[in-house]
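Inspection log for the structure reproduced underneath, given as structure tokens.
Source: prediction; values computed, not measured. Quick note on labels: first sequence line is chain A, next is B, and so on, each numbered from 1.
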Amino acid sequence: EAGVAQSPRYKIIEKRQSVAFWCNPISGHATLYWYQQILGQGPKLLIQFQNNGVVDDSQLPKDRFSAERLKGVDSTLKIQPAKLEDSAVYLCASRLAGQETQYFGPGTRLLVL
Amino acid sequence: KQEVTQIPAALSVPEGENLVLNCSFTDSAIYNLQWFRQDPGKGLTSLLLIQSSQREQTSGRLNASLDKSSGRSTLYIAASQPGDSATYLCAVYGQNFVFGPGTRLSVLP
């Protein structure tokens, strides 16, 4: 089966600009996660969706970050405006209902100058 | 707030050695613990998942143990190979998923 797809793979922007990331989970996976992984650290959960509803967004910096999953399939994560400390890899993962294993995409590497 | 630490941060061993990676967590109220592998420029791959009621899980040359009461898990890799070189992360699932910072493993041929 096809894995989790993410685009773009790399993005370089200047601070205060906006950026958006896209994720297409594995077909049939109702649960979708966005993680932020800063260099040298483990991934930090930003937001979790169940179908098109938000389950957990407690660690999402809502003043600048937003995410949506309108039709319960694809998801986008947006940063507006970006700060230098947002430089990181943004990982998307999905999970099938009733199972506990998460499947990760390759990530989007963001550099904010 | 759950905190996850991993020791050592980096490890370099010659091929063929058996090795142990350690993971510690502060809150024992977890549903499960998972070990992941991350290769440079790639996402994470799940290696083993241990339910909170289990003591260990095995897959091939990998064995993971869980001592929930002491907040510890170990990942044992037998007969290491250069292809095992990667970063290994543990993650605990309680109120939410919390990852450790990882152990960067290099297996030298």
Side-chain angles (χ1 to χ4, degrees), chain A residues 1-11 21-26 29 31-50 54-60 75 77 88-96 98-111, chain B residues 1-11 21-27 30-54 57 59 62 64 66 73 75 86-105:
Chain A
E1 62 182 1
V4 176
Q6 291 188 247
S7 68
R9 292 296 312 275
Y10 305 93
K11 190 74 177 179
F21 312 128
W22 173 81
C23 173
N24 180 234
I26 294 173
H29 284 200
T31 306
L32 184 147
Y33 308 84
W34 282 103
Y35 291 88
Q36 179 193 58
Q37 186 175 23
I38 293 173
L39 187 64
Q41 300 181 16
K44 182 183 81 171
L45 179 67
L46 293 176
I47 189 167
Q48 176 184 345
F49 290 96
Q50 181 71 23
V54 175
V55 173
D56 182 359
D57 63 357
S58 57
Q59 298 190 94
L60 186 73
S75 176
L77 176 69
V89 176
Y90 291 84
L91 295 163
C92 179
S94 69
R95 178 172 63 87
L96 187 64
Q99 294 188 2
E100 291 166 311
T101 299
Q102 296 182 49
Y103 295 85
F104 282 79
T108 295
R109 188 176 300 273
L110 173 68
L111 179 60
Chain B
K1 178 184 175 184
Q2 180 74 269
E3 293 184 4
V4 181
T5 56
Q6 291 187 244
I7 295 174
L11 183 62
L21 309 181
N22 297 289
C23 171
S24 298
F25 48 96
T26 55
D27 186 350
I30 64 171
Y31 297 108
N32 62 55
L33 182 146
Q34 297 186 56
W35 283 92
F36 292 86
R37 168 184 174 138
Q38 186 171 31
D39 293 281
K42 297 186 179 181
L44 282 70
T45 302
S46 180
L47 298 173
L48 291 165
L49 184 152
I50 311 176
Q51 300 290 353
S52 62
S53 58
Q54 296 175 320
Q57 280 286 341
S59 176
L62 306 180
L66 174 64
S73 176
L75 178 66
T87 297
Y88 291 81
L89 299 105
C90 68
V92 296
Y93 178 41
Q95 289 191 330
N96 49 34
F97 283 98
V98 180
F99 280 82
T103 293
R104 186 179 306 145
L105 173 65

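Interface residue Q102(A): backbone and side-chain heavy atoms are both found under 4.5 Å from chain B. Of the two parts of F36(B), only the side chain, counted from C-beta on, holds a non-hydrogen atom closer than 4.5 Å to a non-hydrogen atom of chain A. Of the atoms belonging to E100(A), heavy atoms from both backbone and side chain fall under 4.5 Å from chain B. In this structure, the portions of L44(B) lying under 4.5 Å from any heavy atom of chain A include both its backbone and its side chain.
Residues meeting the ring pair (Phe, Tyr, Trp, His ring centres under 6.0 Å) test with Y10(A), sequence neighbours left out: none.
For R104(B), the CZ atom sits in a loose shell: 12 or fewer heavy atoms of surrounding residues, nucleotides or ligands are nearer than 6.0 Å. Atom CD of Q95(B) has 12 or fewer heavy atoms from other residues, nucleotides or ligands within 6.0 Å.
Note on V98(B), L89(B), L49(B): by heavy-atom pairs under 4.5 Å with chain A, the leading option is L49(B). When Q6(A), R109(A), Q37(A) are compared by the number of non-hydrogen pairs under 4.5 Å with chain B, Q37(A) comes out ahead.
Contacts between residues 1-9 of chain B and chain A, counted as heavy-atom pairs separated by less than 4.5 Å, involve no residue at all.
Note that CG of N96(B) and CD of Q59(A) are 6.0 Å apart. Values are rounded to the nearest 0.5 Å.
Summarising the geometry of S46(B) relative to T101(A), their closest heavy-atom pair is CB-CG2, 3.7 Å, with the distance given to 0.1 Å.
Ring pair Y35(A)/F97(B): centre-to-centre distance not below 6.0 Å.
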